[in-house]
Amino acid sequence: METKPITKYVAELIGTFCLVLFGCGAAVIAGANAEGIPPSGIGLLGIALAFGISVVVMAYTIGPISGCHINPAISISMLAAGKLSFKDCIGYIISQCVGAICASGVLYLLLSGKPGFSMGEYALGANGWGETYLGKYSTQSAFIAETVFTFLFLIVIYGTTAKRANPAMAGLAIGLSLTLIHLVVIPITGTSVNPARSLGPALLSGGKALSQLWLFIVAPILGGLLAAGFWKAVMEQKETIVSKTVEVHEDISINRV
């Protein structure tokens with residue numbers, strides 16, 4: 001039975017909501033040491049795992065329904081690769097953005113209950129770069145990081161969901177790859193590789209986070225498109241060649257017998 005479009009869109013909304021709430025929530029609520037609140041301070045590794053595990057959990061929860069994109073860069077890349085219709089791509093992106101915004105709203109409500117809370121320049125786990133952000137990396141570094149690591153993320157997704165891959169392991173591999181990406185990119189941009197994940201916190205934070213949002217839309221989408229082109233031009237062709245080679249070897253073995 002084919003899944004209704006609205007069901008897929010709701011699944012994408014819920015999946016993106018969980019990704020942003022768990023990932024950004026881990027960063028802003030439990031990421032740093034909090035005096036008198038043990039245990040606290042999960043640090044960079046904990047934040048990276050929060051994002052990665054969120055993807056693993058959602059992959060096995062909504063994957064059978066929508067494919068668990070929860071990322072506009074993935075949906076656009078799949079559209080370019082001919083694996084997603086234009087209509088579903090638009091529906092996915094809208095749902096993902098709404099889910100991210102809602103999650104950021106819930107995160108704001110949680111944080112506003114803490115005494116002394118105030119919205120900073122990069123609040124709610126917003127992405128950014130420059131002199132006032134984490135590692136103080138340049139625009140060039142931020143753009144390259146977001147493009148290259150989104151490209152690599154999509155290559156993992158294409159590879160683990162290919163016909164000859166083990167579908168049972170896809171969610172785990174994709175989640176672990178996102179964890180690895182966060183371990184490297186958090187000091188540079190806070191790690192986006194996902195326009196929706198950046199959109200939610202930036203809209204509510206405003207200011208510098210909102211003015212820098214363009215990079216976290218353009219770079220991940222560019223990386224996704226490059227991955228789609230690379231996979232179609234190089235990797236899919238190799239997969240076909242390998243398949244034909246296996247068939248030839250099987251024929252040879254049968255003839256020898």
Side-chain angles (χ1 to χ4, degrees), residues 3 5 8-9 11-13 15-16 19 51-52 54-56 58-59 62-97 99-100 127 142-167 169-182 184-185 189 191-199 213-244:
T3 306
K8 293 189 287 187
Y9 304 157
E12 285 295 308
L13 189 155
T16 313
L19 173 68
F51 277 100
S54 296
V55 167
V56 173
M58 286 300 106
I62 67 168
I65 301 171
S66 68
C68 189
H69 292 191
I70 60 177
N71 182 340
I74 294 175
S75 297
I76 292 171
S77 183
M78 292 295 172
L79 173 66
K83 299 177 182 292
L84 186 70
S85 70
F86 180 78
K87 178 185 175 182
D88 277 346
C89 184
I90 297 300
Y92 275 35
I93 292 171
I94 293 172
S95 301
Q96 292 155 2
C97 291
N127 297 112
F143 195 92
I144 292 172
E146 290 293 330
T147 302
V148 170
F149 282 94
T150 305
F151 171 86
L152 295 174
F153 188 39
L154 262 299
I155 292 299
V156 171
I157 292 170
Y158 282 122
T160 56
T161 58
K163 289 181 180 180
R164 298 179 65 83
N166 182 354
M169 298 300 294
L172 181 60
I174 293 167
L176 287 174
S177 69
L178 187 62
T179 299
L180 290 171
I181 289 168
H182 275 76
V184 178
V185 186
T189 64
T191 310
S192 171
V193 299
N194 183 338
R197 172 262 180 270
S198 299
L199 175 67
L213 178 62
W214 67 269
L215 187 145
F216 303 107
I217 295 174
V218 176
I221 290 175
L222 175 60
L225 290 174
L226 290 173
F230 179 79
W231 186 264
K232 294 290 287 183
V234 181
M235 304 301 284
E236 255 190 354
Q237 184 181 359
K238 285 184 177 181
E239 184 177 311
T240 303
I241 292 171
V242 169
S243 178
K244 289 181 178 178

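The first residue of the sequence shown is numbered 1, and numbering continues consecutively from there. In what follows, every heavy atom counts, from backbone to side chain, and hydrogens, waters and symmetry copies are set aside.
- The SG atom of Cys68 sits 10.0 Å away from the OH atom of Tyr92 when rounded to the nearest 0.5 Å.
- At a threshold of 4.5 Å between non-hydrogen side-chain atoms, the residues Phe153 and Ile74 count as touching.
- Minimum heavy-atom separation, Pro72 to Asn194: CD-OD1, 3.3 Å.
- Nearest heavy atom pair, residue Thr189 against residue Ala142, reads CG2-CB, 3.5 Å.
- To the nearest 0.5 Å, atoms CD (Glu146) and CD1 (Ile181) are separated by 9.5 Å.
- Closest of all the heavy-atom pairs between Ser192 and Pro220 is OG-CG, 4.4 Å.
- The distance from the CG atom of Leu178 to the CG atom of Leu19 is 7.0 Å, given to the nearest 0.5 Å.
- Judged as a ring-ring contact (aromatic ring centres under 6.0 Å, His included), and not counting sequence neighbours, the contacts of Phe51 are His182.
- Rounded to the nearest 0.5 Å, atoms CD1 (Ile93) and CG (Asp88) are 11.0 Å apart.
- From Leu213, atom CG reaches atom OG of Ser198 across 6.5 Å, with rounding to the nearest 0.5 Å.
- When all heavy atoms are compared, the tightest approach of Val185 to Ala145 is CG1-CB, 4.2 Å.
- Partners of Thr150 under the side-chain hydrogen bond (donor to acceptor under 3.5 Å, both in side chains) rule, at least two apart in sequence or in another chain, do not exist in this structure.
- Contact of the Leu152 side chain with the Leu180 side chain is not registered, since no non-hydrogen atoms from C-beta on lie closer than 4.5 Å.
- Shown here for Cys89 and Leu79, the closest heavy-atom pair between the two residues is SG-CD2, 3.8 Å.
- Side-chain contact between Arg197 and Asn127 is present, with at least one heavy-atom pair separated by less than 4.5 Å.
- Taking 4.5 Å as the limit, every side-chain heavy atom of Met58 sits out of range of all side-chain heavy atoms of Thr16.
- Tyr9 is not listed as a side-chain neighbour of Ile94, based on a closest heavy-atom distance of 4.5 Å or more.
- With sequence neighbours left out, Thr160 forms a side chain to side chain contact (heavy atoms under 4.5 Å, CB included) with Val156, Ala170, Ala173, Ile174.
- Within the structure, side-chain hydrogen bond (donor to acceptor under 3.5 Å, both in side chains) contacts touching residues 62-77 (residues at least two apart or in different chains) are Glu12-Ser66, His69-Ser75, Ser75-Gln96, Ser77-Tyr158.
- Inter-residue side-chain proximity for Ile221 and Pro195 is flagged as met; some heavy-atom pair is nearer than 4.5 Å.
- The distance from atom CZ of Phe149 to atom CD1 of Ile144, rounded to the nearest 0.5 Å, is 11.0 Å.
- Listed by first then second residue, pairs satisfying salt bridge (charged side-chain N to carboxylate O under 4.0 Å, His left out) with a partner in residues 152-162 number zero, not counting sequence neighbours.
- Under the side chain to side chain contact (heavy atoms under 4.5 Å, CB included) criterion, Leu222 pairs with Phe143, Thr147, Leu226, sequence neighbours left out.
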